[in-house]
Engineer: 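Mind having a look at this structure? Questions to follow.
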Amino acid sequence: KTMHEPFVRVVKRGEMPMKKKVFVRLAAVALALVADALFIFFVTGLNPIDVYKAMIQGTFSTSMRFSWAMRDLASLLLIGIALAPAFKMRFWNTGAEGQVLMGALATAAVMVYYGGKVPNALLYTAMLVASVLAGALWGFIPAWFKARFSTNETLFTLMMNYVAIQIVACCVNIWRGQASSLGKLNMKSKAGWFPQIMGQRYTINLIVVVALTIIMYCYLRYSKQGYEISVVGESENTARYVGINVKKVIIRTLIISGLLCGVAGFLFAAGIDHTVSAETVGGMGFTAILVSWLAKFNPVAMVFTAFLVIFLQQGTGQAMTDCGIANSFFADIVTGIMFFFIIGCEFFINYKVQFRSSGKKEA
């Protein structure tokens, strides 16, 4: 019996050299810029070069704008780092938004009830411990149900975001009393606010995130627990065969993930917002999924993917202002086109398209 090969098929590539990977990704960015330029010209009628200049100015034109980019980069990067171990284990943690919120809420609670009543060193310690415990708890709950009952972690963690939002909204309503909003906590005493370093209170955020990035990179790459995470992510059956306690790894990894999200909430409340609300995280918990995935769960590579996201967010916002673009969807479309090409290029890195050869196969 003679069998014909399919005219075209997709096959998995072997390991592509790093130089070629870099070339493919740079080519994807170049194509994205061309596609964005065509959209800008034909839809808005603007000169794409002028729009791109405005985007660059949105981040680099002044030291203030660049410092804002670094502030947002630190927050987004930390959440991405928190998600990395869970995602590397193939535990699809979509609950970073809620875990960060609970960390920020715990921090704010300590600021409300103990601000100005205890020394600053003790206050900061209590804020950090409370945020870490809250975030870790919010990570532990879905992990325990996954390990014990094999629940769907994606839906479970997603639903817990909404629970966290309602808890935060309830607490904010209690704390604000008759006021129209909660406002900044401890405005007069600034108890629980980070001290200014180099003129900014979020400088400590940057220092903490740099340290945690290095620690997480070493943890995932060189530690025994990082190895166990990789094995469980590749195959739970293989992990069990070599003697790894899969349930223990799942719970431990999600506690670490939630713990780091709690730290992010602590930095939001103490170093940036000095308050808490249901909008504190602002969707960064979901954006961080993209950051983590694009970097292949490598904390060092996340520095670049997180910066790309922040650059596009600030740049498109500045372009809309400078170029008089009233359509609020402009920023989303430009950003979406860019990520469409960047994500799409991963297909060509991992797979190749083969066309039918002239020969026939005998079955």
Side-chain angles (χ1 to χ4, degrees), residues 58-82 96 99-132 134-135 168 171-172 175-176 181-215 259-285 287-288 303 306-307 309-311 313-314 317:
T59 300
F60 297 104
S61 61
T62 66
S63 59
M64 182 61 70
R65 286 178 179 172
F66 184 73
S67 71
W68 289 343
M70 292 299 100
R71 175 198 65 194
D72 294 341
L73 170 65
S75 301
L76 183 59
L77 178 59
L78 179 53
I79 302 173
I81 290 169
Q99 291 157 24
V100 176
L101 264 180
M102 293 305 292
L105 178 66
T107 303
V110 175
M111 293 173 69
V112 168
Y113 294 112
Y114 297 100
K117 299 176 183 178
V118 297
N120 269 342
L122 181 58
L123 181 63
Y124 290 135
T125 303
M127 289 162 59
L128 177 59
V129 170
S131 65
V132 163
V168 170
C171 291
V172 167
W175 291 338
R176 70 183 176 87
S181 66
L182 183 60
K184 292 189 179 295
L185 301 173
N186 305 333
M187 191 66 180
K188 293 182 179 180
S189 65
K190 292 184 170 51
W193 293 29
F194 284 162
Q196 289 191 3
I197 300 176
M198 294 186 292
Q200 301 293 346
R201 296 190 186 277
Y202 50 80
T203 303
I204 293 177
N205 294 33
L206 295 172
I207 296 170
V208 170
V209 173
V210 168
L212 289 176
T213 300
I214 297 170
I215 292 170
L259 182 152
L260 290 174
C261 284
V263 174
F266 167 63
L267 297 181
F268 267 114
I272 300 177
D273 296 333
H274 311 121
T275 188
V276 67
S277 71
E279 291 77 36
T280 290
V281 190
M284 278 192 178
T287 307
V303 176
F307 182 78
V309 171
I310 296 302
F311 169 77
Q313 287 179 345
Q314 289 197 183

Engineer: Considering non-hydrogen atoms only, spot the tightest contact between Ser277 and Leu101 and give its length.
Structural biologist: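 Of all heavy-atom pairs spanning Ser277 and Leu101, the closest is O-CD2, 3.4 Å.
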Engineer: Checking the side chain of Thr287 only, and the main-chain atoms of Gly283 only, is there a donor and an acceptor separated by less than 3.5 Å?
Structural biologist: yes
Engineer: Could you pull out the closest heavy-atom pair between Ala108 and Leu185, with the gap in Å?
Structural biologist: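 Minimum heavy-atom separation between Ala108 and Leu185: CB-CD1, 3.7 Å.
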Engineer: Working to the nearest 0.5 Å, report the span between OG1 of Thr107 and CE of Met102.
Structural biologist: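 Thr107 OG1 to Met102 CE: 11.0 Å, rounded to 0.5 Å.
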Engineer: For the CG atom of Leu260 and the CD1 atom of Ile81, what is their distance to the nearest 0.5 Å?
Structural biologist: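 Separation between the atoms: 8.0 Å.
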Engineer: Grab the two heavy atoms, one from Gly103 and one from Ser131, that are nearest each other, plus how far apart they are.
Structural biologist: O-CB, 3.3 Å
Engineer: Would you say that Leu267 contacts Val209 through its side chain, given a criterion of any heavy-atom pair below 4.5 Å between the two side chains?
Structural biologist: yes
Engineer: Checking side-chain contact (heavy atoms from CB on, under 4.5 Å) for the pair Gln314/Asp72: CA distance, chi angles, key distance, verdict?
Structural biologist: CA-CA 10 Å; Gln314 289 197 183; Asp72 294 341; 3.8 Å; yes
Engineer: Keeping the roles fixed (side chain from Ser61, backbone from Gly58), state whether a donor-acceptor pair exists under 3.5 Å.
Structural biologist: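 Side chain of Ser61 to backbone of Gly58, a donor-acceptor pair under 3.5 Å: no, none is there.
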Engineer: Output side-chain donor-acceptor pairs under 3.5 Å for residues 109-121, partner residues at least two apart or in another chain, one line each.
Structural biologist:
| from | atom 1 | to | atom 2 | distance (Å) |
| --- | --- | --- | --- | --- |
| Tyr113 | OH | Trp175 | NE1 | 3.0 |
| Lys117 | NZ | Tyr113 | O | 3.3 |

Engineer: Restricting to side-chain hydrogen bond (donor to acceptor under 3.5 Å, both in side chains), what partner residues turn up for Arg176, sequence neighbours left out?
Structural biologist: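 Only Asn173 meet the side-chain hydrogen bond (donor to acceptor under 3.5 Å, both in side chains) criterion with Arg176.
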Engineer: Can you tell me how far CD of Gln196 sits from NZ of Lys190, rounded to the nearest 0.5 angstrom?
Structural biologist: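 Spacing of NZ (Lys190) from CD (Gln196) equals 9.0 Å.
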Engineer: What are the two closest non-hydrogen atoms of Val276 and Leu182, and how far apart are they?
Structural biologist: O-CD2, 3.7 Å
Engineer: Are any non-hydrogen side-chain atoms of Pro195 and Ile204 less than 4.5 angstrom apart?
Structural biologist: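 Yes, their side chains come closer than 4.5 Å.
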Engineer: Can you find a pair of side-chain heavy atoms, one from Met70 and one from Gln200, that are under 4.5 Å apart?
Structural biologist: no
Engineer: Check whether the side chains of Ser67 and Tyr202 place a donor and an acceptor atom closer than 3.5 Å, and report yes or no.
Structural biologist: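 Yes - a donor-acceptor pair under 3.5 Å links their side chains.
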Engineer: Does any N or O in the side chain of Thr203 come within less than 3.5 Å of the main-chain N or O of Ile197, such that one atom is a donor and the other an acceptor?
Structural biologist: yes
Engineer: Which pair of non-hydrogen atoms, one from Ala191 and one from Leu123, has the smallest distance, and what is that distance?
Structural biologist: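 So the two residues come closest at C-CD2, 3.7 Å.
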Engineer: Quick one: list whatever passes side-chain contact (heavy atoms from CB on, under 4.5 Å) with Thr125, sequence neighbours left out.
Structural biologist: Val129
Engineer: Against Val208, only a single residue in Val210, Leu212, Asn205 fulfils side chain to side chain contact (heavy atoms under 4.5 Å, CB included); can you say which?
Structural biologist: Leu212
Engineer: Can you name the closest pair of heavy atoms from Ala104 and Ala269 and give their distance?
Structural biologist: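 Minimum heavy-atom contact is O-CB, 4.1 Å.
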Engineer: Taking the six-membered ring for Trp, are Phe194 and Phe266 parallel (under 30°), tilted (30 to 60°) or perpendicular (over 60°)?
Structural biologist: perpendicular
